[in-house]
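None of these values were measured; they are calculated from a predicted model. Order of appearance sets the numbers: ligands from 1, and atoms from 1 within every ligand.
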Amino acid sequence: MPGAADGRAHLFNDRTAERYRRSVTGGVDLVAATVARTDRPFTGVTPAQLAPEISGIDLERPLGDAGAALEELKGVYLKDAVYFHHPRYLAHLNCPVVIPALLGEAVLSAVNSSLDTWDQSAGGTLIERRLIDWTAERIGLGEAADGIFTSGGTQSNLQAMLLARDEACKLVEKEAAATGSGEIPPKSAILPRLRILTSEASHFSIQKAAAILGLGYEAVIPVPCDQDRRMRTVALARELDRCHRENQVVMAVVATAGTTDFGSIDPLPEIAGLCARYGSWLHVDAAYGCGLLASTTRRHLLNGIERADSVTVDYHKSFFQPVSSSAVLVRDRATLSHATYHADYLNPERSAENLIPNQVDKSIQTTRRFDALKLWLTLRIMGADAIGALFDEVVDRAAEGWSLLDTDPRYEVVTQPQLSTLVFRYVPPADETCDPALVDRANLHAREALAASGEAVVAGTVVDGRHYLKFTLLNPETSLSDIAFVLDLLAEHAGQYLALHIEPELSHSRAS
Ligand SMILES: *Cc1c(COP(=O)(O)O)cnc(C)c1O
């Protein structure tokens, strides 16, 4: 029976530093070797094929040895993992990662600082704060800005909506106190009046946030988009006006700087103007578009973002950082106090001259990873311009890909991209008429067949009720010929599917 002594040999400390080095190096060597010979983004493995491998492992019988465990891991994970670094991984908003950030990941997990309080992180707290300031400055949020690293865009959006909700309640209470009887309505009377206005192409985490915050999905009012999938400001103005007339409180307008499906950027200056006029909180969800903050040529696409009250950035999308790395920024640091709760064991009272920076006061998490270290080493080793250049490259590639698709009779392509997504669908040759539902199924089939082959991974989405295919380009290593190659494969799969399924229809019509 392995006992406490055996367990202690695995604790990382001064006496086991060498074991740590060997163990982690072994893991790094294995990943490096695996990546070096990965020639497809995916093997096409199915859950049914993989599940028995994993359920067959007896967790009551440890292998005791890192080498043996890594060997086992090859079979149950590394062999069939989805590899985002591969140039034909074109599906979701997952980026290849930069090595300086991987170095940061190795350091941060070993030291294991927790960024909730100074006495659990010391310098980590200051590094995180410095990066928040750096990001806020790039956005242009002003002197009073602040923010916090989060686990992802979903959490950043949730926190932003929490702050917006509580600011809106505060405002309603203040107005009530200043008028008439001075009677302050209870929270339960204010919450049902709150609304969030966001475009129909915005991220579903806004709806989730509304639900978690006790407002319900219905509190989110979708604002229609124009042809380019950007929020229609005329429609937004109409909704703001309607809410005002109907005694509803617009607690936030959420603009998206880089929609998940189309990479479209809402007209931020116009939206900011409307928010100013109606006194609404402006949140800009730049989970995807934040990479432009580092661009030396396209920063202007984000113009207007500096007028936001809060901003979501996902470094793990367009700053080439490993999951997770995200932040929520605010214009006025005082608003972060809505996330503050006094706990004696975490924030003991201190004298004014002895203020200790405790990041937990600004976060909805308590124990929190030092994810900021990855961005820190990225900026210290590569610099922001290099990150911006990588993102610019994929935006350029998307523009080239769009031209390719636009002139390809096999495909129909939606909106010219502002960022790096391409949304398109296979269409049968003009002389073949077929049921639109069948074309939908052919596109669905093409995506699945491609993934099953492991040659490439692409995403799908629904536009105006029809199935489309989607490339999200985040890898500068993806060339135009990779794109052309994948388009050929998709057309082949879709064409074969149609041929199989149209034939019976045609012969049927010939017979009748
Ligand atoms: C990805 C995305 C999110 C959610 O971010 P996670 O990091 O996946 O939680 C939010 N908003 C937009 C626009 C996104 O693209």
Item to complete: Taking the side chain as every heavy atom from C-beta outward, state whether Tyr89 and Phe42 have any pair of such atoms under 4.5 Å apart.
Response: no
Worksheet item: Near Glu143 CD, under 6.0 Å, is it more than 12 heavy atoms from other residues, nucleotides or ligands?
Response: no
Worksheet entry | Side-chain donor-acceptor pair present, Thr117, Asn358, cut-off under 3.5 Å | no
Worksheet item: Have Ser151 and Ser324 got a donor and an acceptor in their side chains that come within less than 3.5 Å?
Response: no
Worksheet entry | Proximal protein residues to ligand 1, non-hydrogen atoms under 4.0 angstrom | Leu93, Gly152, Gly153, Thr154, Asn157, His203, Ser205, Thr256, Gly258, Thr260, Asp285, Ala287, Asp314, His316, Lys317
Practice prompt. Would you sort out whether Tyr315 and Thr135 count as a side chain to side chain donor-acceptor pair (under 3.5 Å), showing the intermediate values?
Written response: CA-CA 10 Å; Tyr315 308 108; Thr135 308; 2.7 Å; yes
Side-chain donor-acceptor pairs of residues 267-281 under 3.5 Å, sequence neighbours excluded:
from: Ser280; atom 1: OG; to: Val250; atom 2: O; distance (Å): 3.4
from: Trp281; atom 1: NE1; to: Ser310; atom 2: OG; distance (Å): 2.8

